[in-house]
> 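Provided herewith is a single structure, encoded as structure tokens, for subsequent inquiry.
Read the numbers this way: they start at 1 and go in the same order the structure lists the ligands and their atoms.
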Amino acid sequence: MVKAKVWTLKNHFQGFPKASDFELKEVELPKLKDGEVLLASVFLSLDPYMRPYSQKSLKEGDKMMGSQVARIVESKNPTYHIGAFAVANGGWTTHFISDGKDLQLLPTPWPETLPISLALGTIGMPGLTAYFGLFEICRIKSGDILLVNSAAGAVGAVVGQLAKIGGCKVVGCAGSDKKVAYLKQIGFDEAFNYKTVGSLEEALRKASPSGYDCYFDNVGGEFSDIALRQMKKYGRIAVCGAISLYNDEELQKGPYVQVPMIYQELCMEGFIVSRWNNRREEGLKALLKWVVEGKIKYHEDVTEGFENMPAAFMGMLKGDNFGKAILKM
Ligand SMILES: NC(=O)C1=CN([C@@H]2O[C@H](COP(=O)(O)OP(=O)(O)OC[C@H]3O[C@@H](n4cnc5c(N)ncnc54)[C@H](OP(=O)(O)O)[C@@H]3O)[C@@H](O)[C@H]2O)C=CC1
Ligand SMILES: O=C(O)CCC[C@H](O)\C=C/C=C/C=C/C(=O)C/C=C\CCCCCO
């Protein structure tokens, strides 16, 4: 009998998550049925969606949601062989059983030089978010001026580099000088630390005096109220995330968006990356190619030890991560 360690949501988050909101449990997994495989997590993903989705999708006591790169350690399914690696949505657990329907084998051939953890970031769901958000929602064209926030993160860094590949001028912001230096190193035209600029309005105006054709929004809230008013005529806004709002206990009331949207004839669209699940292979193939060619650089923030999952999650929500936040078992 295999025992799995599982992080559960002990209490629904009230405001910013606390260590006491999580509880580590040990569960015995049943024997495999025909068609099932047993997997062991190797790398686990830490993602912002877990904060809002936990409210929506979990009951107290449930296993925390999440994805991982896992290794098949026992198989009663001829499609999945022992030793193979797959991306799964097994949640915060050391081991789990799958019937294979929700497993995504790593793209092959997976280059020896690339860490398989990239399948959780640049060559995974965040990378696909950037890819489809940029090309399908922002609909970038060469010469566009693009703004992206949380730009040193899993999604934002891919957005900026894809936009450069697409011939855009790219402006990004992040919450530390180290992250800002990284943005310039990977090709952003302008980058600033939104925490230390005197005025966000002035920083955005200085970075692009003529305004922005595209805004890839990962943050929402007050930042977006200000960015919205610097959009160019017929600008496109991809509403990808609103991490500045996820921990609010009460809905904030910002300025209203209608007047600048009408006046500048803006297009603003929210999206979830699963919209393009049927084009996953297309996106992963393109991202893998650009990473292998060195046109997309990646940076991972690795925490070691399953016992550190809650701390790594809370750290990511605070901005402690530099690049894609992952946990190594
Ligand atoms: N729509 C979709 O399908 C998807 C949406 N998303 C969204 O994309 C966004 C980025 O996700 P991801 O790249 O995985 O995460 P990141 O790797 O960017 O990590 C989160 C980052 O958010 C920034 N942040 C945290 N709090 C605030 C705040 N109050 N104000 C401004 N920035 C803040 C921090 O960076 P900094 O140092 O810059 O402050 C932190 O490092 C999130 O909003 C997420 O929900 C992600 C995947 C799919
Ligand atoms: O279990 C689930 O449904 C989550 C599966 C996540 C999966 O890997 C695919 C897509 C991830 C999407 C992420 C979306 C975001 O980060 C946007 C976050 C919040 C949007 C508002 C949600 C409000 C809920 O009350």
Side-chain angles (χ1 to χ4, degrees), residues 15-17 44-56 65-67 89 117-118 120-122 124-134 136-138 147-162 171-183 188 191-197 200 203 215-227 237-248 252 254 268-277 279-280 283 298-303 312-327:
F16 199 92
L44 290 126
S45 187
L46 295 143
D47 296 284
Y49 74 81
M50 298 167 181
R51 174 62 183 82
Y53 276 51
S54 63
Q55 218 76 36
K56 186 169 70 125
M65 64 178 60
S67 56
N89 285 311
S117 49
L118 285 183
L120 298 174
T122 306
M125 184 275 282
L128 291 170
T129 301
Y131 179 90
F132 289 112
L134 206 51
E136 299 297 324
I137 307 291
C138 285
L147 168 65
V148 56
N149 45 22
S150 203
V155 173
V158 180
V159 167
Q161 296 180 89
L162 287 178
V171 175
C173 68
S176 78
D177 293 346
K178 180 181 171 188
K179 291 184 185 182
V180 169
Y182 175 68
L183 295 180
F188 279 60
F192 61 87
N193 182 338
Y194 69 92
K195 291 182 178 174
T196 57
V197 291
L200 177 59
Y215 170 31
F216 195 104
D217 188 7
N218 289 315
V219 172
E222 192 180 347
F223 186 108
S224 298
D225 291 336
I226 296 167
I237 300 169
V239 185
C240 175
I243 195 164
S244 70
L245 305 177
Y246 294 164
N247 294 305
D248 290 346
Q252 288 184 36
M268 181 192 277
E269 183 174 351
F271 71 94
I272 300 285
V273 63
S274 48
R275 187 189 304 186
W276 298 278
N277 276 352
R279 291 174 53 188
R280 182 185 161 78
Y298 59 87
H299 202 283
E300 296 179 308
D301 193 297
V302 184
T303 300
F313 175 60
M314 292 183 282
M316 177 274 298
L317 289 176
K318 278 195 295 158
D320 294 347
N321 60 306
F322 174 14
K324 170 63 190 154
I326 54 172
L327 184 120

> Considering the heavy atoms of K179, write down every atom of ligand 1 situated less than 4.0 Å from one of them.
35 (O), 36 (P), 37 (O), 41 (O)

> Go through ligand 1 atom by atom and flag the ones less than 4.0 Å from a non-hydrogen atom of V273.
2 (C), 3 (O)

> Tell me the contacting part of A242 for ligand 1: side chain, backbone, both, or neither, using a 4.0 Å heavy-atom threshold, strictly below.
backbone

> Show the atoms of ligand 1 that are less than 4.0 angstrom away from any heavy atom in V219.
30 (N), 31 (C), 32 (N)

> Contact between ligand 1 and Y246 is defined here as a heavy atom of the residue under 4.0 Å from a ligand atom; is it met?
yes

> Return yes or no for this condition: an N or O of G175 is under 3.5 Å from an N or O of ligand 1.
yes

> Does any N or O in the side chain of S244 come within less than 3.5 Å of the main-chain N or O of V219, such that one atom is a donor and the other an acceptor?
yes

> Could you go through N149 and Y194, starting from their C-alpha distance and side-chain angles, then the distance that decides it, and tell me whether this counts as side chain to side chain contact (heavy atoms under 4.5 Å, CB included)?
CA-CA 9 Å; N149 45 22; Y194 69 92; over 6 Å; no

> What about N321: any of its N or O atoms under 3.5 Å from an N or O on ligand 1?
yes

> Who pairs with F16 by ring pair (Phe, Tyr, Trp, His ring centres under 6.0 Å), at least two apart in sequence or on another chain?
none

> Regarding ligand 1, does F271 bring an N or O atom to under 3.5 Å of one of the ligand's N or O atoms?
yes

> Does ligand 1 have an atom that lies less than 4.0 angstrom from a heavy atom of C240?
yes

> At less than 4.0 angstrom from any non-hydrogen atom of A174, what atoms of ligand 1 do you find?
38 (O)

> For the pair F132 and W276, name the ring-plane relationship: parallel under 30°, tilted 30 to 60°, perpendicular over 60°.
parallel

> Would you mind running through ligand 1 and noting each atom that sits below 4.0 Å from a heavy atom of G241?
7 (C), 43 (O)

> Would you call D47-K324 a salt bridge at under 4.0 Å N-O?
yes

> Based purely on interatomic distance, does D320 place a nitrogen or oxygen under 3.5 Å from a nitrogen or oxygen of ligand 1?
no

> At less than 4.0 angstrom from any non-hydrogen atom of M125, what atoms of ligand 1 do you find?
47 (C), 48 (C)

> Would you sort out whether F322 and Y182 count as a ring-ring contact (aromatic ring centres under 6.0 Å, His included), showing the intermediate values?
CA-CA 9 Å; F322 174 14; Y182 175 68; 5.1 Å; yes

> May I ask you to check whether K324 has an N/O atom sitting below 3.5 Å from an N/O atom of ligand 1?
no

> Which ligand 1 atoms, with their elements, are less than 4.0 angstrom from a heavy-atom of L317?
25 (C), 26 (N)

> Does E269 have more than 12 heavy atoms from other residues, nucleotides or ligands lying within 6.0 Å of its CD?
yes

> Please give me the minimum heavy-atom distance between G121 and P126, naming the atom from each residue.
O-CD, 3.5 Å

> Under the criterion side chain to side chain contact (heavy atoms under 4.5 Å, CB included), I'd like the reasoning laid out for T122 against Q161: C-alpha separation, chi angles, the key distance, then a yes or no.
CA-CA 11 Å; T122 306; Q161 296 180 89; over 6 Å; no

> Polar contacts were defined as any N/O atom of the residue lying under 3.5 Å from an N/O atom of the ligand; does this apply to S244 and ligand 1?
no

> What residues, two or more places apart in sequence or in another chain, satisfy side-chain contact (heavy atoms from CB on, under 4.5 Å) together with A325?
L46, M316, N321

> So I243 and N218, side chain to side chain contact (heavy atoms under 4.5 Å, CB included) or not? Walk me through it.
CA-CA 7 Å; I243 195 164; N218 289 315; 5.8 Å; no

> Polar-atom distance check: Y194 versus ligand 1, any N or O pair below 3.5 Å?
yes

> Is there a nitrogen or oxygen of N218 sitting under 3.5 Å from a nitrogen or oxygen of ligand 1?
yes

